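Since this is a predicted model, take the numbers as computed values, not measurements. The chains referred to below are lettered A, B, ... by the order of the sequence lines, with proteins before strands, and numbering in each begins at 1.
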There are 2 protein chains.
Amino acid sequence: MTLDWSMAGPRTPGIATRGEIVPTVPPAEAAADAVDVTALLERGRTLATPVLKAAVDRLAPPMDTVAAYHFGWIDAQGNPADGDGGKAVRPALAVLSAQAAGAAPEVGVPGAVAVELVHNFSLLHDDLMDGDEQRRHRDTVWKVHGPAQAILVGDALFALANEVLLELGTVEAGRATRRLTTASRALIDGQAQDISYEHRDRVSVEECLEMEGNKTGALLACACSIGAVLGGADDLTADTLERYGYHLGLAFQAIDDLLGIWGDPEATGKQTWSDLRQRKKSLPVVAALAAGGPASQRLGDLLAEDAKASDFENFSEEEFAARAALIEEAGGREWTAQEARRQHAIALEALDAVPMPEQVRAQLVALADFVVVRKR
Amino acid sequence: MTLDWSMAGPRTPGIATRGEIVPTVPPAEAAADAVDVTALLERGRTLATPVLKAAVDRLAPPMDTVAAYHFGWIDAQGNPADGDGGKAVRPALAVLSAQAAGAAPEVGVPGAVAVELVHNFSLLHDDLMDGDEQRRHRDTVWKVHGPAQAILVGDALFALANEVLLELGTVEAGRATRRLTTASRALIDGQAQDISYEHRDRVSVEECLEMEGNKTGALLACACSIGAVLGGADDLTADTLERYGYHLGLAFQAIDDLLGIWGDPEATGKQTWSDLRQRKKSLPVVAALAAGGPASQRLGDLLAEDAKASDFENFSEEEFAARAALIEEAGGREWTAQEARRQHAIALEALDAVPMPEQVRAQLVALADFVVVRKR
């Protein structure tokens, strides 16, 4: 994969003015350049989806239908659909993780499916808790099928994740489930932190990173170890792969936070200035507030006023753009891009410590590169 | 334990007129008569509670506090409380289950805690989905701490259940977790059925029993096998213990359905005619509607009118009493009491098939007897 911006497709004038999300990324290792990341993501999806569908089919009605809607396999009327199932970075990682341990890609598939189930359980519940009405360009489950179904189907996917692993009946499956459980607990802790931060004026950069490590890092870490564990890897190897995944997750989230403010709505499926509209205390905001100096001060005053504003929902594009400009001026955007690069580097360093086939390593490096250059 | 009604305490005039919940129960085996069920329940609680508290303490704030409120350890203001933590039938069964396999009671404790965590995860979510405002004489979590906390803490308890088992790191723990996962999935299926039945005019007796088997039977079954599995029991033994627990659960639920209509509010902590007020299609109602005959017909007509009534919430005691009388006249009450006795008998039959120390068997029989004579 080359690290230029061509994968973002032709730029539209409106997007170009927003600037690049991450201006520079470290040079990829030569072998990673040759990797077709799109094909890698597609392979993970192709291997995992049939097993995921078979698992969801086990749910009692109407939960099977609600889950199928959530995954984009049917529309709100129950007709077959070819919805956007997300980037599928996790299944690709889980399958590669098995290969890192010298096992066949198929060995990682139950892990890929279990991780996807936990990820989607959290999406169902988080969207309800956060009141988010849109996900992947479609109405969220609670919006279409009501809050009770969002809770219930989330619960069912969570249970199904453990079932898919434990029915393998092996010692490795027990170890994999334990790691998945640890990651799930972290995920829930992260959502609890995210909710509690909403009610606070200030959140430190450290608190934000801890929250993002829980909400995004832990499950990505698990995706990176689960295939290897199913393939018989020892705990040290699994832990090191998790370290790669955890920091990859933090890089992923830093990019997400940049996209949440400066991303292209066409690509992300979110509104312009999405995170600002939701008053999210994401990394760029938190870093800008912590930076000090006049722009940081003005931003702090403005956000404090916004918190009390009764007409916040009707703010214009220009008002949000002014806030985004202040965040950038205070250095929040550059700091976050730098943080993405830093986490990307730590992830690759961890990868170096794990002995594995060089082709697999190149693919994992390429996926890490993809994470920091993606546009959605 | 003697099978008279003395354990219900002195009867108040108002309660006596409601009649006994189960008029007759099968004669207990002689050995079971000597068992102190109160002490047995207390032992399960004493063994499980410290481990449960330590597990809940691991939750990130404010989830630890919310969970402590749910369990009745603190009040809504955060002050220590000595709340009603429920009957604790499941911990007592899990501990006995270990002894049935020849292991020490302590071996069953992680299983007892895991089952309690899953049970309470389902209470937190079900109360929110059902809009129930009271549980164990106190406001429910969503009422006090909001819907997001009810979802989040429910999720956390569910994850914690697996964690408590899997951190044992043994093959037995993996097998126990698999059974717990199966039970959890059934629990969720049961809640899905319960919700879908609310929107239907008629529910068959078979559908009702299937739903109750999922909602109550499956987790009680797991409580009865999980200690034995942790103690090294083989699958056949565990399956047979689950059969005992499943039918005990159905007996338990049949009694619950009787208490939900004719129970003493002082003892149950619920309103008079609680299930009728909630339009629950519980066993007595479903059996009465299926019975045919004039009373059954009149009941069906009345409930169909009620479904459309705009002033249903303001119905008087007498109006609910009239519906209860029709259910009784149509035979729904006697059928349900008979069903409790039938399930109790199947449970004891299953128990006979498992070799175990006779003292443990007597205790499991006494617990089964307790379930069908309890008043709350």
Give every donor-acceptor pair under 3.5 Å between a side-chain atom in residues 55-62 of chain B and any protein atom, sequence neighbours left out.
residue, atom, partner, partner atom, Å
B:Arg58, NH1, B:Glu163, OE2, 2.8
B:Arg58, NH1, B:Glu167, OE1, 3.3
B:Arg58, NH2, B:Glu167, OE2, 2.8

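- Interface residue A:Leu160: backbone and side-chain heavy atoms are both found under 4.5 Å from chain B.
- Contact count against chain B (heavy-atom pairs under 4.5 Å) is highest for A:Ala156 among A:Pro147, A:Gly169, A:Ala156, A:Ser184.
- Considering only heavy-atom pairs separated by less than 4.5 Å from chain B, the leading option among A:Arg175, A:Met129, A:Met63 is A:Met129.
- Here the closest non-hydrogen pair linking B:Val153 and B:Ala67 is CG1-CB, 3.8 Å.
- In terms of heavy-atom proximity, A:Val286 sits nearest to A:Lys281 at CG2-O, 3.4 Å.
- Remark: the backbone N or O of A:Ser204 is paired with a side-chain donor or acceptor of A:Glu207 at under 3.5 angstrom.
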- Mind running side-chain contact (heavy atoms from CB on, under 4.5 Å) on A:Leu124 and A:Leu128 for me, showing each step along the way? CA-CA 7 Å; A:Leu124 278 162; A:Leu128 174 58; over 6 Å; no

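- When the heavy atoms of residues 185-201 of chain A are compared with those of chain B, the residues falling under 4.5 Å are A:Arg185, A:Ile188, A:Asp189, A:Gln191, A:Ala192, A:Ile195, listed by number.
- Taking B:Gly174, B:Ala173, B:Ala148 one by one and counting their heavy-atom pairs under 4.5 Å with chain A, the maximum is reached by B:Ala148.
- Here the options are A:Asp139, A:Thr140, A:Asp127, the test is side chain to side chain donor-acceptor pair (under 3.5 Å), and the partner is A:Gln134; only A:Asp139 passes.
- The CG atom of B:Leu165 sits 13.0 Å away from atom CZ of B:Arg179, with the distance rounded to the nearest 0.5 Å.
- Residues from residues 209-235 of chain A never place a non-hydrogen atom less than 4.5 Å from a non-hydrogen atom of chain B.
- Highest contact tally toward chain B, considering only A:Asn162, A:Asp155, A:Asp126, A:Thr181, is held by A:Asp155 [criterion: heavy-atom pairs under 4.5 Å].
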When you look at B:Thr177 and A:Arg178, which way does the side-chain contact (heavy atoms from CB on, under 4.5 Å) test go after all the steps?
CA-CA 10 Å; B:Thr177 311; A:Arg178 190 172 170 194; over 6 Å; no

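- For residues 143-166 of chain B, every residue pair satisfying the ring pair (Phe, Tyr, Trp, His ring centres under 6.0 Å) rule, not counting sequence neighbours, is listed here: A:Phe158-B:Phe158, B:Tyr69-B:His145, B:Phe121-B:Phe158.
- From B:Thr182, atom OG1 reaches atom CG of A:Leu166 across 8.5 Å, with rounding to the nearest 0.5 Å.
- B:Leu180 approaches B:Ala161 most closely through the heavy-atom pair CD2-CB, 4.1 Å.
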